[in-house]
Amino acid sequence: MLRLVVQRLLALVPLLFIVSVLTFSLTSLLPDDPADLIIGQWGTEQQFEMVRERLGLNEPLVPRYVHWLERALHGDLGTSFFNSVEVSDAVMQRLPVTLSLTAVSALIALLVGLAAGIAAALRPRSWTDRLATFGATIGQAIPNFWFGILLVAVFAVTLRWFPATGFTPLSSSPWEWLRSVTLPAIALGLASSAAIARQVRSAMVGVLQQDYIRAARAQGLSRRRVIFKHALTNALVPVVAVLSFQITVLLGGALIVEQVFAINGLGTLAITAVRRQDIPMIQGLVLVMVVLVVIVQLATDVVYGFLNPKARPS
Amino acid sequence: MSVQSASASDRGARSGSRRRASAQAVTVAAVAVLSLLVIAAVAAPWIAPYDPLHQSLGAALQGPSTAHWLGTDDLGRDVLSRLVYGCRIAVIAAAEATSIAVVLGVPLGLFVGYRGGWWDWAVMRLVEAVVSIPGIMVAIVIIAILGTGLHRAMIALGILFSTSFLRLARGVVLTEREEVYVKLARVVGASDRRILLRHIFPNIAPPLIVQVTLTVGAVLLAEAGLSFIGLGVQPPDASWGTMLNTAASYMELNWFLAIPPGIAIVATVLSINLLGDVIRDSIGRGVAVGVKPTTPVARFEAAAPASPESAAPPPRRDDDVLRIEGLQVVVSAKEGGEVPVITDLSLAIARGETLGLVGESGSGKTLTGLSILGLIGAGGRSTHGTITLNGTELRALTERQREQVRGNAVAMVFQDPTTSLNPAFTVGNQIAEVLRAKKGLSRKAAWARTIELIDRVGIPRPAERARAYPHELSGGMAQRVAIARALSCNPALLIADEPTTALDVTVQQEILDLFRDLQDEFGMAILFVTHDLAVAADICDRIAVMYAGEIVEVAPVDTLFATPRHPYTRGLLSAMPHASDRDPPLPTIRGTVPRPGSWPRGCRFSDRCGFRTDACGQRVPLTGTGRLVRCLRAGDPELEAGR
Ligand code: SF4
């Protein structure tokens, strides 16, 4: 397994390199000089030069990139253009919020997707199947933030079961955390559960027609065991890839859903940064996202190897 | 849905046409919604009852009324008017971002696909990098550089979605290039670039259309999202996303504000997605589009009236393990209704006996085996007859009880061992699982027994091989494992369905020897299903020849080979290669087994039989004692002479 992880990590090096170059070049892509942004129109030439010096803008491009990368690898992503906040502090402070939202919604999406997909696959063309397929089609057309608004209207404003806004960290109160994360996670996870359900259904329908399923039944193993052990293990192989992709989607979706619930996560940070063209902050956000995606991909590969013996390096 | 008759064939036919009708209705509805959207977008100034920007603070946050059908927002603006103008934004957004994506992605994809090499590598790595980051984040980054606003946001989305068009175009070039190069070898002189382009356009259009519909749906959702978080359309302009932004802030005061724009988004995206599905399906079906289904096959009414033609059941023997009497199996046809696939099938196998079930593919041999197990599969069921195993009537059992019987009293070995073993588990695990589930052995005992079994079927180093995955074993080894699994609970009956067909010729003999050996040791009865008479001759005691769902001849193996009585059996025998022959045998029976549902009225072999007479137009019973034959002219001198 270690070998697999190392192999995959090495394969990800070019990707990480390109992303870092792209991220770094954001500063140069900006139409305005960043020093302008920071000081504003009425700065003196001297102030202007100081800022350029501090940002290293006077250095040639390549050494500047190397410097930037060096510091980024040490966890130093610079400071915001607009206040003296360290980018890494700001990002790390909000990361747990967005992460817990993404993780819970991924879990919901997986569970709902599996349940609906399996139910549909067991009786193709039945009413269950049609209902699940129809539900999945609709689920993929509903914007997560609108679904969030509806959930708030029903379960927070009307029924008052959940708080309408805000987020309680897991560390301060697990129960309140669960209450605060439930609605946003459901809102966020809806479309992904639809996508997963579709994949589960088609994978499961395919697997259930395989000889080894019939052979296992012929051996007198119970229907439940054959479905949940023999069929599901194989059907999960393609589902893992979809789940991995959906986690990336969820991570992006979280940025928007956070706004519905006034959750102070990476989304709020990103939106503020964009409006102010706060490039260091955006660079930090992109890098964090990429690292998360890479971790998810590694985990996917490991799970994939676990489910599919043929994919294991021998 | 109102008139549901009890007839299965009607039901089948109708559910098929109902499905098509409902698919059509969905398409019509989707097109209607999208047309409405476009009309609203174009004619917004004439349709909208109010100026979408006109504020009237006195009338803020009102519910629906005759003056304001959908109420008013926080600034007293008319929601319906804003919704109508929102259509305009939606159409502009979708058109803008999708066109940018196509214009950027397709040429670049064609270029890198065509050029290949370094260009291809660099661009694809770039695409990979962009795709690995959440899409919304990519859009946010681009907006950070370009600034906010509808058009800038749409440029951002266009760049984001261009990656999928790029990959699509590149993929088409790569596949087409292969084909063009193959053709170029023959057509010398033509410029490959021109040929390539000529090949690409017809091939890129269908996936491109599908991708466009997918992109439009995604753009609409993304645009609404970006406007909702304030990075797309800027207030006071009316877009569905900004309207929802307002709605979110006034949830407690007027939740209804969230409904109209939300429904507008869902209806639009749903319509475009459904339309995309329809387009993809019709492209997928290719030429089959619009072909009407054939008329449903009528239900096989009162199939094989039991009395007149049913053969007398095979004589009872004391040591019979399996007796099948008058079995009929039907399956539901694609066109609706049910057609019989096995009729009036009777056979018996004694302890230690091997009965060969022989016939061409499509004759119903495999299904006979599966019927014994009660695993005919979805859409099929047995309708008549009895299957008695060790004195128990299997058809009368509940599914639970049948599960008990399977594996314990009867087991099956399938044709292709590489597909009948589960690829996700070790072979040892799959045998041990059966022992634990059926025999209640402990984990440890089951594993020990598994290794004994693997050893017994002649696999060297069994303890090591037990930990192998099926794909790590050769076909012959895998079939030995499958046999070990089937025998793990010591069944009285083993059904072997073409167990040597998928194997290498040199391995076939070993597996047949293994069967013989195991039968000597365990004493089980074997139903050996095969199309290969040579194999049957080798291993069987008696042979039943099957044709078009019925048995046409039964005889001890030597007798059958010496004096075949049914013309079909004779055809099979003369098609048999002799051991010395290297060449494949000449086909002596023209045609193939007729499909269930299109069997000839009388003798089912009559359309391929060289001896048919007028009398053959009626049903022919299976006659005789000891050896049975289903032919009117069996024993006829002319027929015998033709041997
Ligand atoms: S019954 Fe007639 S048609 Fe059928 S096999 Fe015998 S001779 Fe041929």
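Protein chains get the first letters and strands the later ones, always in sequence-line order, with residue 1 at the start of each. Side-chain atoms are counted along with the backbone in the values below, which use heavy atoms only and exclude waters and symmetry mates. In this text the structure is predicted, and so the values were computed from the model without any measurement.
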*Contacts of residues 228-239 of chain A with chain B (heavy atom under 4.5 Å)*: A:K229, A:H230, A:T233, A:N234

Sort [X] into side chain, backbone, both or neither according to what part of it lies under 4.5 angstrom from a heavy atom of chain B.
{"X": "A:I142", "answer": "both"}
{"X": "A:L150", "answer": "side chain"}
{"X": "A:V290", "answer": "side chain"}

[X], part contacting chain A, at a heavy-atom distance under 4.5 Å:
{"X": "B:L373", "result": "side chain"}
{"X": "B:D277", "result": "side chain"}
{"X": "B:R400", "result": "neither"}
{"X": "B:E399", "result": "side chain"}
{"X": "B:I263", "result": "both"}
{"X": "B:I259", "result": "both"}

*Hey, which residues of residues 134-142 of chain B are touching chain A, say heavy atoms under 4.5 Å apart?*
B:P134, B:I136, B:M137, B:I140, B:V141

Out of [options], return the one with the most heavy atom pairs under 4.5 angstrom to chain A.
{"options": "B:A258, B:A248, B:A437, B:A411", "result": "B:A258"}
{"options": "B:A482, B:A129, B:S420", "result": "B:S420"}
{"options": "B:A122, B:A224, B:P491, B:P423", "result": "B:P423"}
{"options": "B:L221, B:N422, B:V266", "result": "B:N422"}
{"options": "B:E433, B:E252, B:K438, B:M412", "result": "B:E433"}
{"options": "B:I133, B:D416, B:V413", "result": "B:I133"}

Return the option, out of [options], with the maximum number of heavy-atom pairs under 4.5 Å with chain B.
{"options": "A:R217, A:Q259, A:Q210, A:M289", "value": "A:R217"}
{"options": "A:I282, A:L221, A:L251", "value": "A:L221"}
{"options": "A:S222, A:A153, A:P14", "value": "A:S222"}
{"options": "A:L307, A:T137, A:V249", "value": "A:T137"}
{"options": "A:Q140, A:Q219, A:R275", "value": "A:Q219"}

*asked:* Given B:S132, which partner from the list A:L12, A:T248, A:V293 fulfils the side-chain contact (heavy atoms from CB on, under 4.5 Å) test?
replied: A:V293

How long is the span from the [atom1] atom in [X] to the [atom2] atom in [Y], to the nearest 0.5 Å?
{"X": "B:N273", "Y": "A:I138", "atom1": "CG", "atom2": "CD1", "answer": "11.0 Å"}
{"X": "B:L231", "Y": "A:I271", "atom1": "CG", "atom2": "CD1", "answer": "5.5 Å"}
{"X": "B:I265", "Y": "A:W146", "atom1": "CD1", "atom2": "CH2", "answer": "8.5 Å"}

_Looking at A:F245, I'd like to know if its CZ atom is crowded, meaning that more than 12 non-hydrogen atoms belonging to other residues, nucleotides or ligands lie closer than 6.0 Å._
no

_Using the rule given for side chain to side chain contact (heavy atoms under 4.5 Å, CB included), can you reason through B:I229 versus A:L255, listing the C-alpha separation, both sets of side-chain angles and the distance that settles it, and then say yes or no?_
CA-CA 9 Å; B:I229 59 175; A:L255 305 183; 6.0 Å; no

*Can you see which heavy atom on B:F228 is nearest to which on A:I149, and at what distance?*
CE1-CD1, 4.1 Å

*Considering all heavy atoms of both residues, which atom of A:A215 and which atom of B:R485 are nearest to each other, and what is their separation?*
CB-NH2, 3.4 Å

*Trace of the side chain to side chain contact (heavy atoms under 4.5 Å, CB included) decision for B:W255 with A:V157*: CA-CA 9 Å; B:W255 57 266; A:V157 173; over 6 Å; no

*Do any N or O atoms from the side chain of A:Q277 and from the backbone of B:A144 form a donor-acceptor pair under 3.5 angstrom?*
yes

*What do the steps show when you test A:R214 against B:L370 for side chain to side chain contact (heavy atoms under 4.5 Å, CB included), and what is the final call?*
CA-CA 9 Å; A:R214 186 168 260 185; B:L370 292 172; 3.1 Å; yes

